Amino acid sequence: MSNNTNRIVVLSMVSPITPGHLLTAARVLDETVVLKETCFGLLIEGENEIVERVVLKLKELSPYTVFSKQRGFAIGDRCKCRRGENGRISGAQRIGFHQLEREREMLPLIGEAMEFIDSSDEMEEIKMKNEKPTYEDIRFLIGQILADEYMEISQ
Amino acid sequence: MKIFIYPVNSLILVDIVEHFGHQPLTMMGAINNEGAALNHSNEKQRINFEPKGGLTYLPVEVPSGVRGRLSMIGPLIEMADASIIMEDADFGFGCGGCARTNEVIPHIVMQQGRPYIKVKLPTDRESAYTLVQSIKNFLSSLEAQL
């Protein structure tokens, strides 16, 4: 069992950040990983703990529009990569393209649902507190109400 | 907890399970553990597994693609504490190897006798909310049982 792992980071179509931003943010962390920018996000290869740390930091950039999963094959592996010998591009859509394309269409919905569920959990915690609400609690609640009204108006 | 997901390489299910603090069991993880992730040079000896492991679940008449895939996916199902099955994933298509294996996997999961949940592919905002909330409730109930 190897200590190294590969992860693919995919950006949702409504993400405010770009694959270039992801690459820059990952480079700034200065960890011992191999990075490859793609049109949909980033590929990261390295030791298990380091890769998980990097992915967590990248998710903090935009928590509900950055998704990741394990990848299994090395970066540049001939089975997966379009780059042929002598650097020329070969092959059409590679293995896994259609599934990734299909799932990427659903990522905005999933991100929105996760954000809504997480925020409703925070509201429940505030309601369950027996203490007097603090200024921060009230400010958070007002922000939620305004955000909901804004979403209704914008629809 | 270890959660087996079906389709075994779904980005959405992996991210949701990890978001709620559990470990998803995926095909990519199984391949990674076989060392294929680092084996650039020797293409013929990438993944060293025994195809006959798939015969644990199915008879010998099945196509070899089904046997090979099940020899990697079967151990994941056995290791899992619970499973999440997405029933109508339209990207789970393929030839006789992948599609037939995909048809068999939910039945093998149900035979294991461990907790599982069936969810539907999200098509709009409400179904996405239902998907995430139902997975969250399922994982919370597993934690409560421990």
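Small disclaimer: the values here were computed from a predicted structure and weren't measured. We name chains A, B, ... by the order of the sequence lines, and we start the count at 1 in each one.
A:I8 does not touch chain B: none of its heavy atoms, backbone or side chain, sits under 4.5 Å away. Heavy-atom distances place no part of A:V55 under 4.5 Å from chain B, backbone and side chain included. Using a 4.5 Å cut-off between heavy atoms, B:E126 does not touch chain A at all.
Under a hydrophobic clustering in which Ile, Leu, Val, Met, Phe, Trp and Tyr are joined whenever their side-chain heavy atoms come within less than 4.5 Å, directly or via other members, A:V34 and A:I44 fall into different clusters. A:I110 and B:I3 end up in the same hydrophobic cluster when Ile, Leu, Val, Met, Phe, Trp and Tyr side chains are linked at under 4.5 Å. Following chains of ILVMFWY side-chain contacts shorter than 4.5 Å, one cannot reach A:L23 starting from A:I75, and the two form parts of different hydrophobic clusters. By the rule that hydrophobic residues join a cluster once side-chain heavy atoms approach within less than 4.5 Å of another member, A:V66 and A:V33 end up as members of one cluster. A:L107 and A:M13 fall into different hydrophobic clusters, where Ile, Leu, Val, Met, Phe, Trp and Tyr are joined by side-chain heavy atoms under 4.5 Å apart, directly or via other members.
For the set A:Q70, A:K59, A:R104, the count of heavy-atom pairs under 4.5 angstrom toward chain B peaks at A:Q70. The choice from B:L131, B:T130, B:D124 that makes the most heavy-atom pairs within less than 4.5 Å of chain A is B:D124. Heavy-atom pairs under 4.5 Å with chain A were tallied for B:L11, B:V14, B:V132; the largest tally goes to B:L11. When each of B:I16, B:N9, B:T26 is scored by its heavy-atom pairs under 4.5 Å with chain A, the top score falls to B:N9.
For the side chain to side chain donor-acceptor pair (under 3.5 Å) with B:S10, the lone residue among A:Q99, A:K69, A:E103 that qualifies is A:E103.
Atoms NE2 and CZ, on B:H19 and A:F67 in that order, are 9.5 Å from each other to the nearest 0.5 Å. The distance from the NZ atom of B:K136 to the CE atom of A:M114 is 11.0 Å, given to the nearest 0.5 Å.
Considering only heavy atoms from C-beta on, B:Q133 stays 4.5 Å or farther from A:F116 through its side chain.
Closest non-hydrogen pair, B:D15 versus A:S68, comes out as OD1-N, 3.1 Å.
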### Message
Let's go through B:L121 and A:M106 carefully: what are the C-alpha distance in whole Å and the side-chain angles of both, what is the deciding distance for side-chain contact (heavy atoms from CB on, under 4.5 Å) to 0.1 Å, and is it a yes or a no?
### Response
CA-CA 9 Å; B:L121 190 76; A:M106 294 185 270; 3.6 Å; yes
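Within 6.0 Å of the CD atom in A:E49, the count of heavy atoms belonging to other residues, nucleotides or ligands does not exceed 12.
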